[in-house]
Structures are given as structure tokens and as C-alpha cells.
Amino acid sequence: MTLAATQVNLRDALAVWRRTVEVHVRLWKMNLIAPAIEPVFSVLAFGWGLGALVAGKVSGISYLSFVGAGILGLTVLMRAMFETTYAAYFRMVYQSIYDAILATPVDAESLAFAEILWAITHAALDTLIILIVLVVFGAATSLWATLAAIPLLVGSLFIAGLSLGFTAHIHDIDAFNIYMAAFFTVMLICGAWFPVDVLPVWLRWVAYAIPLTESIDLTRALLTGRFLSRHAYEAAYLVISAVVACEWAMRSLRQRMVS
């Protein structure tokens, strides 16, 4: 069986990606508001507000640093998810942009790759903004923090691929209510607000089976410089999950738009 990823034409994918970037640049002021303001108030509310009620350290670090990684991870992963759900659905169904693109020599796999690439690009922009906020508030305490974007972008690759694959299979926008409910439910146990280790054993296994947990955990390790042996396994699992999700997305979009 031929991998869908091998069918991607990078030149075509970059052309589609560039088109989306140009549209985004026209609206950059409006698109900058949320990633610039939201993390500031989140850090104030959870890091300083709720953090004032946490007497000791959490997993060996201050709650401000602990929750800072969670805020960073949740915001960036949500950005990638929304870009490949509602935004992608509007381009595919209501605006018929996918039909127009596929009427050119661009194939479905290259289109899917371009959509995922754009989601990662937008996530990277949010990562940069929020990292600056965390440094200013003292939540990033390690020089390794400069590499914190890596697990977030791999996590964004996973959630973008998973979300685009789901988008390709739905025919009613209301179906996103189910996906959103599932996404925000699992995010409650992914270690953003409290350590996964405090969960019951069975729920802990569920949490670690969700690649978003690995993305946030690895980000926290880089922000604080506290590395554990499990992080090597988490990194491998996160990369494999991202590759599988993207492969599924490419196949799903071809099935929806071409087959």
C-alpha cells in the first residue's frame, strides 16, 4: 500500500499554504488579539490567582511554572485544532475553496498537507507570543525553554491531522459539537492543570494514551529543565502519533473530495 505522504508535491503544497498566509496577513491585527491577551489573563488567573492557594510545589516546581506549560500547550493545540475543523470546513464546504484548488493540478494529498502546514504555522506564531508572556511572568525558568516549541509543534501536527481527518468525514457542521466536546473533555486530564500522576491508575493510562498529554509534558520539561526517563518514550510516541494522524488526514481528504 502506497503512503499518502509520498504523493505530496511540496511545490503545490507550499503554493496553497502561501495563499492561506496571504489571507491571514490581511487580518493579522484581528488574529493577534486572542493569542496576545488570552495567555496574559490565564497566567494571572491560574498562575497567580489559583497559584496563591497552592502552598507547596507541584511536581517539584512552582504552580506558576507548572500551569504556564499547560496554558501554553492548550492555547497552541487549540489553535491548530480550530484551523483544521471549523476554518477548514468553511473553506471546503461554504467557500468551495477546496474545489477550486483541486480544479488545478494540485492533488488532494498536497492540499491536505498545506492545510496541516498552515495549522502548524499559526500554532508556531502563538507559541512565540505566549513564550514571551511566560518568560516575562517568570513561568519559564530554564534555557531549554527556547526549544519548548518543538513538542508543541509535533503535538499540533497530530491534532491538525486528526482534526482534518475528522472534518473530511462530516457532512453537517453541527457534528463538530461532538468533536469539540471530546477534545475539551480529554484536555481536562492531559496534565495541563494538575499532574497526571494524581489520577487513578486506569485513568492515568487513558491520559498517557492521548498524545496531547505527551506534548504538554515534554513542553513543561523544556520550560523548567526537569527531564525524566519517560520523556524519551513520550517523544517517540508523539512523533509516531503525528505521522499516523497526518496520513489518515490525507487519505480522508482524497476520499471526500476525489473518490
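Here the structure is a predicted model, which means the values were calculated and not measured.
Cluster annotation: Leu212 is not connected to Leu188 through the hydrophobic network of ILVMFWY side chains, with a link wherever side-chain heavy atoms come within less than 4.5 Å. Under a hydrophobic clustering in which Ile, Leu, Val, Met, Phe, Trp and Tyr are joined whenever their side-chain heavy atoms come within less than 4.5 Å, directly or via other members, Leu153 and Ile71 fall into the same cluster. No single ILVMFWY cluster, assembled from side-chain heavy atoms under 4.5 Å apart, contains both Ile240 and Tyr208. Taken together through direct or relayed side-chain contacts under 4.5 Å among Ile, Leu, Val, Met, Phe, Trp and Tyr, Val186 and Leu162 form part of one hydrophobic cluster. Linking ILVMFWY side-chain heavy atoms closer than 4.5 Å, directly or via other members, places Val154 and Val76 in two distinct hydrophobic clusters.
Between Tyr237 and Pro211, the closest side-chain pair of non-hydrogen atoms falls below 4.5 Å. The shortest distance between side-chain heavy atoms of Leu223 and Leu131 falls below 4.5 Å. Counting heavy atoms from C-beta on, the side chains of His171 and Arg256 come closer than 4.5 Å. Annotation: side chain of Leu72 is not in contact with side chain of Val133 (no heavy-atom distance under 4.5 Å). Here the side chains of Leu199 and Phe194 are in contact, with some heavy-atom distance below 4.5 Å. Counting heavy atoms from C-beta outward, Arg230 and Asp217 have side chains that approach closer than 4.5 Å. Residues Met250 and Gln7 are not in side-chain contact: their nearest non-hydrogen atoms beyond the backbone lie 4.5 Å or more apart. Leu222 has its side chain within reach of Pro151: a pair of non-hydrogen atoms, C-beta onward, lies under 4.5 Å apart.
Atom CH2 in Trp118 sits 6.0 Å away from atom CD in Glu83 (nearest 0.5 Å). Separating the CZ atom in Phe113 from the CG atom in Leu164 is a distance of 12.5 Å, to the nearest 0.5 Å. Distance check: Ile130 CD1 to Leu74 CG gives 9.5 Å after rounding to the nearest 0.5 Å. Expressed to the nearest 0.5 Å, how far CD1 of Ile178 lies from CG of Asp172 amounts to 9.5 Å. One finds the CE atom of Met78 at 10.5 Å from the CE atom of Met180 (value rounded to the nearest 0.5 Å). How far CG of Leu218 is from CD of Glu214: 7.5 Å, rounded to the nearest 0.5 Å.
Formation of a donor-acceptor pair under 3.5 Å by the Arg204 side chain with backbone atoms of Asp197 is found in this model. Thr167 places a side-chain N or O within donor-acceptor distance of the main-chain N or O of Thr84, the cut-off being under 3.5 Å. Looking only at distances, no side-chain donor or acceptor of Arg79 sits under 3.5 Å from a matching main-chain atom of Asp126. Counting only distance, with no hydrogens or angles, the side chain of Glu109 and the backbone of Arg251 share no donor-acceptor pair below 3.5 Å. Between the side chain of Arg220 and the main chain of Gly191, a donor-acceptor pair closer than 3.5 Å is present.
Using cut-offs of 30° and 60° on the angle between ring planes, the pair Phe176 and Phe166 is tilted. Aromatic ring orientation, Tyr94 versus Tyr89: perpendicular (interplanar angle above 60°, classes split at 30° and 60°).
Residues Asp107 and Arg254 are not paired through a salt bridge, judged by the lack of any N-O separation under 4.0 Å between the basic side chain and the carboxylate.
The two residues Val8 and Ala13 come nearest to each other via the heavy atoms CG1-CB, 4.4 Å. In this structure, Ala160 and Ala119 approach most closely via the heavy-atom pair CB-CB, 3.9 Å. Taking every heavy atom of both residues into account, Asn9 and Arg11 meet most closely at OD1-N, 3.0 Å. Gly73 and Ile216 make their closest contact through CA-CG1, 4.3 Å (heavy atoms, listed as atom of the first residue, atom of the second, distance). Residues Ala112 and Ala249 approach most closely at CB-O, 4.4 Å, considering heavy atoms. Nearest heavy-atom pair, Val258 versus Ala108, reported as atom, atom and distance to 0.1 Å: CG2-CB, 4.0 Å.
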Between His24 and His122, does a side-chain contact (heavy atoms from CB on, under 4.5 Å) hold up when you go through it step by step?
CA-CA 9 Å; His24 179 77; His122 207 170; 3.4 Å; yes
Hey, mind stepping through Ser110 and Val16 against side-chain contact (heavy atoms from CB on, under 4.5 Å) and telling me if it holds?
CA-CA 8 Å; Ser110 299; Val16 176; over 6 Å; no
Assess whether side-chain contact (heavy atoms from CB on, under 4.5 Å) is satisfied between Met92 and Leu253, documenting all intermediate values.
CA-CA 10 Å; Met92 178 174 63; Leu253 195 63; 4.3 Å; yes
Could you walk me through whether Met81 and Leu77 pass side-chain contact (heavy atoms from CB on, under 4.5 Å), step by step?
CA-CA 6 Å; Met81 183 269 292; Leu77 293 172; over 6 Å; no
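Residue pairs satisfying the salt bridge (charged side-chain N to carboxylate O under 4.0 Å, His left out) criterion with at least one member in residues 87-100, sequence neighbours excluded, are listed as follows: Arg91-Glu115.
For CZ of Phe184, the number of neighbouring non-hydrogen atoms (other residues, nucleotides, ligands) closer than 6.0 Å is greater than 12.
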Without placing hydrogens or testing angles, list every side-chain donor-acceptor pair under 3.5 Å for residues 134-148, not counting sequence neighbours.
| from | atom 1 | to | atom 2 | distance (Å) |
| --- | --- | --- | --- | --- |
| Ser142 | OG | Trp144 | N | 3.0 |
| Thr146 | OG1 | Leu143 | O | 3.1 |

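Donor-acceptor pairing under 3.5 Å is lacking for the side chains of Thr85 and Tyr179.
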